[in-house]
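Everything on this sheet refers to the single structure shown next.
Side chains included, hydrogens not; waters and symmetry mates left out as well; all remaining heavy atoms used. In what follows, every chain begins at residue 1, and chains take the letters A, B, ... in the order their sequences are listed. What you see is a predicted model, and the numbers here were worked out from it, not measured in a lab.
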There are 2 protein chains.
Amino acid sequence: MDIQSILLGFLMRNSMTGYDLKKAFSISFAFFSGLSYGSIYPALRKMEKNGLITKQVEIQDGAPNRKVYTITETGRTEFLNSLKSPLSPEQPKSTFLMRLFFFGHLSPQDRKSVAQKHLGAIKQMQAQLQSVQPQVAAHADRFQYLCYEFGLRSLSDLARNLSQVIDALEEEPNVQNQFEKIQT
Amino acid sequence: MDIQSILLGFLMRNSMTGYDLKKAFSISFAFFSGLSYGSIYPALRKMEKNGLITKQVEIQDGAPNRKVYTITETGRTEFLNSLKSPLSPEQPKSTFLMRLFFFGHLSPQDRKSVAQKHLGAIKQMQAQLQSVQPQVAAHADRFQYLCYEFGLRSLSDLARNLSQVIDALEEEPNVQNQFEKIQT
DNA sequence: TCGATCATGTAATTGGTTACATGATTGC
DNA sequence: GCAATCATGTAACCAATTACATGATCGA
């Protein structure tokens, strides 16, 4: 989903300034995307030029004038089409996967350490996401709450998947271990 | 993992040309990353300048001269450090998640259709990945095979997770359904 | 008085992709 | 005779980030 569709999506509900938009998805969208002013303002300008949104300027004293953007009918149609358009296939491009690929170059201890640290980080994210449950429940609509649950499940799936890798690492084809097995 | 570390990782085993490198990860790395010449050649040049690799030129007749790159001791150290460096936290930035966030703007039928099509695409990827199992088993080392299994599990986790969303969509708070429930 | 909030925007940089340019050799 | 493989590279472009620039007002 490109920046344009995301901005349109938020503007479907309310007219907003670029500043408001940034805040809006810093709150509810933070988990999957973080957009900066450097991409928002140019995008808004382009969308206005293309007739997807209109601008009303509110003159202000101290601060720069507020530019409130409102979605047009064209914009609404465009957004709804983009929502129904085929999803690009998602690649499981995990940062961990690339490391694992080269794990043969690390010592068994280093492998375990890297993997375990990563698992720790994931569990921390999980805990953090769980802790915001009340806020999400209070503000999200039904589908946004499904998003939240989907995200939580993704994280626990990832944790489980990683744990299985760690288990496999433990079963190191290790001379010492084999010896011990015979001994006991 | 940046392009530099990936290239170094492949050069750890063999000296190679840019062309070889592209082939190497078109085969084994395809699942998580696709790099183009437009990024490989400049990267190699930069790495040579930084002393991570050295170049031997093999004069050729027809084709452009082969430039075989070999990793240096500095390069090896750099690579091993990057392998042990902390992993950047991975965001579950799913293309589907962003759609779901705005599902309130679609009709129940459109929602189900979008979600189900996506599930279909994922199952297809799964089948395709399963079908290359023999080739992977033949060429991958132990850790690369763990990668493969990790990837497969990620896909089935994703499929299961999506199915749960679809189930939740079925339980549409729908007047018709409620009426039917009372009737039966 | 100091930091946060409101509010806009640009410039430099990053990290890539795609398309273009060249051209011999080998196998079908 | 035509496509694929070998082999290099550049130029244009894209989508985004980060840092910079400006400046008032309000609450602790």
Side-chain angles (χ1 to χ4, degrees), chain A residues 1-8 10-11 14-27 29-30 32-50 53 55-70 82 88-89 91 93 95 98, chain B residues 1-8 10-11 14-27 29-30 32-50 52-70 82 88-89 91 93 95 98:
Chain A
M1 213 157 178
D2 50 27
I3 184 173
Q4 177 176 295
S5 304
I6 293 167
L7 295 176
L8 287 177
F10 279 97
L11 292 174
N14 297 306
S15 297
M16 288 194 237
T17 67
Y19 188 84
D20 294 335
L21 281 161
K22 171 90 161 75
K23 243 197 323 180
F25 46 70
S26 294
I27 297 163
F29 230 62
F32 18 97
S33 173
L35 295 171
S36 56
Y37 293 127
S39 50
I40 294 165
Y41 287 121
L44 286 172
R45 184 181 282 201
K46 191 181 161 192
M47 287 156 71
E48 195 202 355
K49 204 185 68 189
N50 294 342
I53 55 179
K55 175 174 66 183
Q56 299 99 249
V57 181
E58 289 178 14
I59 310 294
Q60 293 202 142
D61 243 38
N65 294 332
R66 297 185 79 219
K67 298 185 179 172
V68 183
Y69 291 96
T70 302
S82 85
S88 58
Q91 296 164 274
K93 54 155 60 203
T95 83
M98 306 215 184
Chain B
M1 212 159 180
D2 50 26
I3 184 171
Q4 177 175 295
S5 304
I6 293 167
L7 295 176
L8 287 177
F10 279 97
L11 292 175
N14 297 305
S15 296
M16 286 194 239
T17 66
Y19 188 84
D20 294 336
L21 281 161
K22 170 89 160 78
K23 244 198 322 182
F25 46 69
S26 294
I27 297 164
F29 230 61
F32 18 98
S33 173
L35 295 171
S36 56
Y37 293 126
S39 50
I40 294 165
Y41 287 121
L44 286 172
R45 183 181 283 201
K46 191 181 161 192
M47 287 156 71
E48 195 202 354
K49 204 185 69 189
N50 294 343
L52 303 172
I53 53 179
T54 55
K55 175 174 66 184
Q56 300 99 248
V57 181
E58 290 178 13
I59 309 295
Q60 294 202 142
D61 242 40
N65 296 331
R66 297 184 79 218
K67 297 185 178 172
V68 183
Y69 291 96
T70 302
S82 85
S88 58
Q91 297 164 276
K93 54 155 59 203
T95 82
M98 305 216 186

**Message:** I'd like the 5' and 3' limits of the part of DNA chain D contacted by chain B, with heavy-atom contacts below 4.0 Å.
**Reply:**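 Going 5' to 3' along DNA chain D, contacts run D/dT5 to D/dT10.
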
**Prompt:** Of the residues in residues 14-22 of chain A, which ones touch DNA chain C at a heavy-atom distance under 4.0 Å?
**Reply:**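 DNA chain C contact set from residues 14-22 of chain A: A/T17, A/G18, A/Y19.
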
**Request:** Ignoring backbone atoms, establish whether B/S36 has a side-chain N or O less than 4.0 Å from OP1 or OP2 of C/dT18.
**Result:**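 For B/S36, the contact criterion (side-chain N or O under 4.0 Å from OP1 or OP2 of C/dT18) is not met.
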
List the atom pairs, with distances to 0.1 Å, where a side-chain N or O of residues 37-47 of chain B and a protein N or O form a donor-acceptor pair under 3.5 Å, not counting sequence neighbours.
residue, atom, partner, partner atom, Å
B/S39, OG, B/S36, O, 2.9

**Prompt:** What is the distance from atom CE of B/M98 to atom CZ of A/F25, rounded to the nearest 0.5 Å?
**Reply:**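 It is 10.5 Å, given to the nearest 0.5 Å.
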
Round to the nearest Å and state the distance from [X] atom [atom1] to [N] atom [atom2].
X	N	atom1	atom2	answer
B/R66	C/dA24	CZ	C1'	15 Å
A/I40	C/dC6	CD1	P	14 Å
B/I59	C/dA24	CD1	P	17 Å

**Request:** Run the numbers on B/L52 and B/Q4 for side chain to side chain contact (heavy atoms under 4.5 Å, CB included), then give the verdict.
**Result:** CA-CA 10 Å; B/L52 303 172; B/Q4 177 175 295; 3.5 Å; yes

**Prompt:** Are any of the side-chain heavy atoms of B/M16 and B/L11 separated by less than 4.5 Å?
**Reply:**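 The answer is yes, as the side chains (C-beta and beyond) meet within the 4.5 Å cut-off.
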
**Item:** For A/I3 against A/L35, the heavy-atom pair lying closest together
**Value:**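 For A/I3 versus A/L35, the nearest heavy atoms are CG1-CD1, 3.7 Å.
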
**Item:** First of A/P64 and A/Y37 reached from the 5' end of DNA chain D, by closest nucleotide
**Value:**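 Its nearest nucleotide being more 5', the pick is A/Y37.
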
**Message:** Within the 4.0 Å heavy-atom criterion, would you say B/D2 contacts the bases, only the backbone, or no part of the nucleic acid?
**Reply:**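 No contact.
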
**Asked** Within the structure shown, what part of the strands sits under 4.0 Å from B/K46 by heavy-atom distance: base, sugar-phosphate, or nothing?
**Response**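 Since no nucleic acid heavy atom lies under 4.0 Å of B/K46, the category is nothing.
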
**Asked** Who are the side-chain contact (heavy atoms from CB on, under 4.5 Å) partners of B/S5, not counting sequence neighbours?
**Response**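 Once residues adjacent in sequence are excluded, the partners of B/S5 under the side-chain contact (heavy atoms from CB on, under 4.5 Å) criterion are B/M1, B/D2, B/S82.
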
**Message:** Just to verify, what does B/S88 make a side-chain contact (heavy atoms from CB on, under 4.5 Å) with, not counting sequence neighbours?
**Reply:**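 Partners of B/S88 by the side-chain contact (heavy atoms from CB on, under 4.5 Å) criterion, ordered by chain and then number, come out as A/T95.
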
**Request:** Apply salt bridge (Lys or Arg N to Asp or Glu O under 4.0 Å) to B/K55 and list each qualifying residue two or more places apart in sequence or on a separate chain.
**Result:**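 B/K55 satisfies salt bridge (Lys or Arg N to Asp or Glu O under 4.0 Å) with B/E48 once adjacent residues are dropped.
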
